[in-house]
Amino acid sequence: MTKLKNDRYLRALLKKTLDCTPVWIMRQAGRYLPEYRAIRSMAGDFMSLCKNAELSSELTIQPLRRFPLDAAILFSDILTIPDAMGLGLYFKEGEGPKFQNPITCKADIDKIKLPDPECELQYVMNAIRQTCKNLEDTVPLIGFSGSPWTLATYMIEGGSSRNFSKIKKLMYTEPKTLHLLLKKLSATISKYLNAQIQAGIHSVIIFDTWGGILTPCNYNLFSLQYMHKVIDGLSTENDGCRIPVTIFAKNAGMWIENIAETGCDAIGLDWTIKISDAKKRVGKKVAIQGNMDPSVLYAKPQRIRKEVEKILENFGNGTGHIFSLGHGIHPDVSPENVSVFIDAVHELSKVYHSK
Ligand code: 1CP
C-alpha cells in the first residue's frame, strides 16, 4: 500500500486489518511540550513558525520523538487561507487569532482573489516537503484545512467568537452574499488540499470546528454542502496510493449520517456521542476517529487507562477506529500522562484485532 514503516493510521482509515488501534492527538505539537515552548518563545510569533519550513518540520516531529504516535500532523494552521486572501492574520498574546481586514460587506468578498497554493501558500508546501524528508517514511503525515464554514466564521467575526452574531446576521439577512464567500472558499480549499497531496501528505482532515453551532437545516445549506464540494474537487490519489479524507465534526454527532454521504473516508467525533452509537449508524460506510474527552488526561494513570478501555470496548472488534481526543489537548496536561494514554491505546487494543 505505502512504503511507510508504520501505516496503521492509513490502514484504519481504509478499514484494512490491523495489529492494534492507531492513535494521534489533536494539537500534538503544542504548548504542553516544553520543547515546543522553547522554540515558540525564540521565534516571537506563531506565524513565523508556520512560515519557516525547518521550524515547522521540527515542531511537527517533536511529539514523535517522545511518543510512539501513529501519525504526524503538519505544524501549520487553518487560518493560512484567509491570510493568503489578504485579511492580515495576527496573534495577540492571550487572545487567539485576529484579522486586520475582516469581511464586512459583499464588496470585500468580490475583492478576494483566490490564492495560488504554490505562490501565496508556498510556505505550507515547502514545510510539507521538508517534513516528508525529515520523517524518512516512518509514519504518515496529515495535511489539513478548515471547512469553508469554519474559515468563514473567522473571516467575518474577525477572530474567535462567542456567539457568532456577525456571520449569523449575514446568514439571515444576505444569504446570497455568504454563499458567494463559501463558494470562493470551497474552490480554494480543494486546490490547497490537492497541492498538499502533491507535496507529499498521506491523508487530509477537514476541520469543521464550528458547524455544530448551526440549525440542522442551515448546517446542510452552509456547511455540509460546501464540504461535499471540497471533497468532489479533490484528487485523492498520489503515486498509486489512496489519500483518505477525514471530516472532523465538532458538536455534530446528530448529523453523522449526512456527513458520511459527502464522500469522506472517516468522521472525527468529539466526546458528546458514544462511539458504539456512531459505529452502528455509519460504521459500514466510514471509519471513525475519536473520541476521548481531552480532560481525561488530567486524571491519574489508572483512570486514563480505564477511560481508554471504555472507548475501545465500546467500539468493539475490528478495524475502522482511529483513537484520538475529541478536540485539542489542553496546554496544562503533563507529557507523562500523554505517554500513559498512548501506551494504553496500543496495549489494550490488541485483543480487539486478534480475531
Ligand atoms: O503557541 C501558540 O500560541 C499558538 C497556538 C496554535 C497552535 C499550536 C494555533 C493558533 N494554531 C496551532 C497549530 C494548529 N492549529 C495545528 C497543527 C498542530 C497540531 O495539531 O499538532 C492544527 C491542526 C490547527 C488547526 C486549527 N486552528 C483549528 C481546527 C482544529 C480545532 O482546534 O478545532 C482551528 C479552529 C484553528 C484556529 C486557531 N489557531 C490558533 C488558535 C489558538 C486557534 C483557535 C482559536 C479559537 O478557539 O477560536
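Order of listing sets the numbers, starting from 1, for every ligand and every atom in it. All values derive from a computational prediction rather than experimental measurement.
For G30, the heavy-atom gap to ligand 1 stays at 4.0 angstrom or more. Residue contacts with ligand 1 include L74, since one of its heavy atoms falls under 4.0 Å from the ligand.
Atoms of ligand 1 lying under 4.0 Å from any heavy atom of M26, numbered from 1 in the order shown and given with element: 30 (C), 31 (C). Counting the atoms of ligand 1 from 1 in the order shown, those under 4.0 Å from a heavy atom of Y36 are 1 (O), 2 (C), 4 (C), 8 (C). For ligand 1, the atoms lying closer than 4.0 Å to a non-hydrogen atom of T209 are 29 (C), 30 (C), 31 (C), 33 (O), 35 (C). The contact set between ligand 1 and R40, taken as ligand atoms under 4.0 Å from a residue heavy atom, comprises 1 (O), 2 (C), 3 (O). Here is the list of ligand 1 atoms found below 4.0 Å of a heavy atom in S76: 13 (C), 14 (C), 15 (N), 16 (C), 17 (C).
Within a 6.0 Å sphere centred on NZ of K98, heavy atoms belonging to other residues, nucleotides or ligands number more than 12.
Residues M155 and M85 come closest through the heavy atom pair CE-SD, 3.6 Å. Residues Y192 and S145 approach most closely at CD2-CB, 4.3 Å, considering heavy atoms.
Summary of contacts: the protein heavy atom closest to atom 35 (C) of ligand 1 is Y154 OH, 3.2 Å. For atom 39 (N) of ligand 1, the closest non-hydrogen atom on the protein side is D77 OD1, 2.8 Å. Looking at atom 6 (C) of ligand 1, its nearest protein heavy atom turns out to be F46 CE1, 3.7 Å.
In terms of the side chain to side chain contact (heavy atoms under 4.5 Å, CB included) criterion, residue partners of P68 (sequence neighbours excluded) are, by chain and number, I342, D343, H346.
Within the structure, every pair that satisfies the salt bridge (Lys or Arg N to Asp or Glu O under 4.0 Å) test and touches residues 230-245, not counting sequence neighbours, is listed here: R242-D265.
With a 4.0 Å cut-off on non-hydrogen atoms, K250 does not touch ligand 1 at all.
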Worksheet entry | Residue pair Y9, F323: steps toward the ring pair (Phe, Tyr, Trp, His ring centres under 6.0 Å) verdict | CA-CA 9 Å; Y9 174 76; F323 213 112; over 10 Å; no

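Y298 and H330 have their aromatic ring centers within a separation under 6.0 angstrom. Remark: aromatic rings of Y36 and F75 are close, center separation under 6.0 Å.
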